[in-house]
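Working notes, structure below.
Letters A, B, ... mirror the listed sequences (proteins, then strands); counts begin at 1.
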Amino acid sequence: MGRYALRRLLQAIPVLVGTTFFIFVIVYALPGDPIQALGGDRRMDPVIARALRDKFGLDDPLLVQYWHYLTGIFSGNFGTTFRGVEVSSIFAGKFQVTLQLALTALVMEAIIGVGLGLWSALRRGRWQDQFVLAVTLLLVSIPPLVMGFVLQLWLGVKFKLGTGIELVPVAGIGAGEKSYLLPGFVLATTSIAYLTRLTRTSLMETLRSDFIRTAVAKGMPRRRVLGRHALRNSLIPLVTYLGADLGALMGGAVITETIFNLPGIGLQLFQSVYLRENTVVVGIVTVLVLIYVVANLVVDLLYAVLDPRIRYE
Amino acid sequence: MTNPSVDTHLLPADRSAEPLLAVDNLHVEFKTRQGLVRAVNGVSYSLSAGETLAVLGESGSGKSVTAQAIMGILDMPPARIPKGEVRFHGTDMLRLSEEARTQIRGQRIAMIFQDALSALNPVFTVGWQIAEMFRVHKGMSKKQGYAKAVELMERVRIPAAKQRVHDYPHQFSGGMRQRIMIAMSIALDPEVLIADEPTTALDVTVQAQIMELLAELQRESNMGLILITHDLGVVADVADKIAVMYGGRIVEHALVHDVYASPAHPYSKGLLESIPRVDLKGQDLYAIKGLPPNLLDMPTGCAFHPRCPYRRDNCVTDVPPLYEISGTRSSACHYFREVLDGTSG
């Protein structure tokens, strides 16, 4: 298993190189001049502009620029912005915010999604099941953007002004852990719906298996049949979804953090794209890709724990 | 006669009038989108301790459904049991509470399934799955349970049982897996063992070993054994009685040597004739003409009439009752005498 993990980590290197290059090219191709953008509305002194262009190597060919960047990253240097700020200092503290947001969403997803899924699978065909299916359809249909603003309005403005009670903070991270509840939920809604349906299908399929019939024929009580014999088998496909979703959640944080004004990497990414801070954009994406790759590796290793039929050599 | 709420544990172990297990006029139907499927239509058979009953029939004849009704592992709904009784020591199990049935399942009536690979849970070790019987039903510790599992695995002759107790089902060969399944089913010395096509998924040589093992275990513990199969070759050596099923009914019920000597139903006769024989080498194999009946659209009268060489007009209209030929023998054919004499067909 150790060798397998190492091989998978080595495989991540070409993935990282490929994705960073791709992002680099896209950012490079964006219209507009980053040096001019520095000056805002005023025209920049051509001499200073010239000096800056030379300093950042902006007139070098694309591949040369990329090579400079890549060698920097592998020596742990994410570079500096055109304003001369260290990119790593911009990152400081922001990844924690995004990670905490994504993990909050992931935990909600796992608890609510898997819980609802199991519950409706056990009430297959009854009104509770139909109700859960209808709710998930509704959740999938509402874009997180709309959901975020509506909840902010209801909970933060209407409910708070009407009753004077603040259920959960609706913006910023001033209230610590509690601040992440609402944005986490908004971020998780679509995934909750998918996971609910996935769990429901997975458990229903497992319950039709021959080995469940065997467990019943062995005289095992229903609770044991479900909790021991069925649960572990139906969890296997869910782990893939949850692992892959961590990456999607961190990406989705761009919108959520912007709505809820969370000082995370998503908000920073949004602002940096706007300001043409290429080094920051590529740096953020690189770290996101790295997290994604590691999350997928963890999923693959978890598989072997859950399903003994899978062995890595 | 008996109070259905009485726990069978409290009943005397033997009642002279009642056999160990009696299926009486059992009906099972399934609700499907296409309509009502009557899978079992008035099946009756009985089993005494130490006896082996072979239930023979094609897929869809209702033999497995009957067994699942005895075990109480039918999915209800879509299945429904509108009529009939399954008496265990004289108590109708169909009227017991779910808790009371759970006490019987696995402990006093156990079952072996056809495909051990899918019937064993892939994510638990075989030892865990055998030990579970002792841990849940007998309250044993994990360690005691595993010790018992090793004992049982040795009893069904799995080599190096001590090392293999922590292996997973997929790490065993087909025959060894079926032995695990058998070890699990006899763990708590059940009085009745139902084997649902236990050898169908196995190689011929392994089939013989498994049948031998079952017969040996039965002799040792005096279990009643219900052997469900479509393989007549398997039956001859081990069974005492045969119940031949067709279209959800029993068409012939007899002692095993009587059937082999002279079948009393055209369907059993057809089955016997379709066994390949060495002395008829070179000749065409016999096959029963036509297809098994569609359970959604059963033929009128005798369900076998579209395929029957003895067919007369009344076979199409009148459902034959199970005619009693002798004390141990009955046949659901209007013309069983002709079949017995072999005068036609």
Side-chain angles (χ1 to χ4, degrees), chain A residues 1 114 118 121-130 199-240 299-313, chain B residues 64 67-68 70-75 77-78 98-126 128-138 166-171 177 180-181 184-188 190 193-194 196 201:
Chain A
M1 191 116 107
V114 173
L118 295 178
L122 294 179
R123 276 156 192 75
R124 178 185 51 177
R126 294 197 231 161
W127 71 265
Q128 294 100 325
D129 181 31
Q130 305 290 339
T199 309
R200 177 177 175 273
T201 317
S202 178
L203 181 62
M204 277 172 20
E205 208 163 280
T206 309
L207 288 178
R208 275 197 300 269
S209 312
D210 285 353
F211 59 81
I212 293 300
R213 198 184 50 185
T214 309
V216 176
K218 280 163 86 178
M220 295 300 140
R222 185 177 148 83
R223 261 184 51 201
R224 191 177 171 88
V225 172
L226 295 175
R228 297 304 298 267
H229 288 267
L231 192 61
R232 191 152 147 206
N233 280 283
S234 42
L235 280 182
I236 296 169
L238 307 184
V239 170
T240 332
V299 166
D300 283 348
L301 296 180
L302 255 182
Y303 255 3
V305 177
L306 284 172
D307 190 342
R309 283 167 297 184
I310 297 169
R311 281 284 165 269
Y312 300 116
E313 298 307 331
Chain B
S64 292
Q68 287 173 17
I70 296 173
M71 286 302 290
I73 55 172
L74 283 169
D75 274 331
E98 184 53 31
E99 290 96 275
R101 293 212 78 176
T102 306
Q103 287 304 309
I104 298 176
R105 270 200 290 260
Q107 301 189 61
R108 307 184 69 191
I109 305 181
M111 189 158 176
I112 302 169
F113 297 96
Q114 184 183 132
D115 179 7
L117 181 60
S118 60
L120 291 168
N121 196 323
V123 303
F124 296 109
T125 63
V126 295
W128 188 92
Q129 294 185 58
I130 300 174
E132 185 183 33
M133 297 297 282
F134 297 100
R135 291 173 62 197
V136 172
H137 292 305
K138 301 286 174 208
H166 296 296
D167 282 353
Y168 291 91
H170 71 273
Q171 291 167 298
R177 267 198 294 270
I180 301 280
M181 192 80 227
M184 203 161 76
S185 65
I186 61 161
L188 302 176
L193 180 62
I194 304 174
D196 189 354

Practice task
List the steps and the verdict of side chain to side chain contact (heavy atoms under 4.5 Å, CB included) for A/Arg232 and B/Asn121.
Solution key: CA-CA 10 Å; A/Arg232 191 152 147 206; B/Asn121 196 323; over 6 Å; no
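Separation of atoms CD1 (B/Ile73) and NZ (A/Lys218) is listed at 13.0 Å; rounding is to 0.5 Å. Rounded to the nearest 0.5 angstrom, A/Met220 CE and B/His137 NE2 are separated by 4.0 Å. Interatomic distance, B/Asp75 CG to A/Ile212 CD1, rounded to the nearest 0.5 Å: 11.0 Å.
Side chain of B/Ser118 to backbone of A/Asp210: no donor-acceptor contact under 3.5 angstrom is found.
Heavy atoms of B/Gln129 lying under 4.5 Å from chain A belong to its backbone as well as its side chain. In this structure, the portion of B/Val136 lying under 4.5 Å from any heavy atom of chain A is its side chain and not its backbone. Interface residue A/Leu306: only backbone heavy atoms are found under 4.5 Å from chain B. Interface residue B/Met133: backbone and side-chain heavy atoms are both found under 4.5 Å from chain A. There is no contact between B/Ala110 and chain A, counting heavy-atom distances below 4.5 Å.
Under the 4.0 Å criterion applied to side-chain N and carboxylate O atoms, B/Glu132 and A/Arg228 are not assigned as salt-bridge partners.
The two residues A/Asn233 and B/Pro122 make their nearest non-hydrogen contact at OD1-CG, 3.5 Å. In terms of heavy-atom proximity, B/Phe124 sits nearest to A/His229 at CE1-CA, 4.2 Å.
Contact count versus chain A (heavy atoms, under 4.5 Å) is highest, among B/Ser185, B/Ala116, B/Gly106, for B/Gly106.
B/Gln68 is listed as a side-chain neighbour of A/Arg213, based on a closest heavy-atom distance under 4.5 Å.
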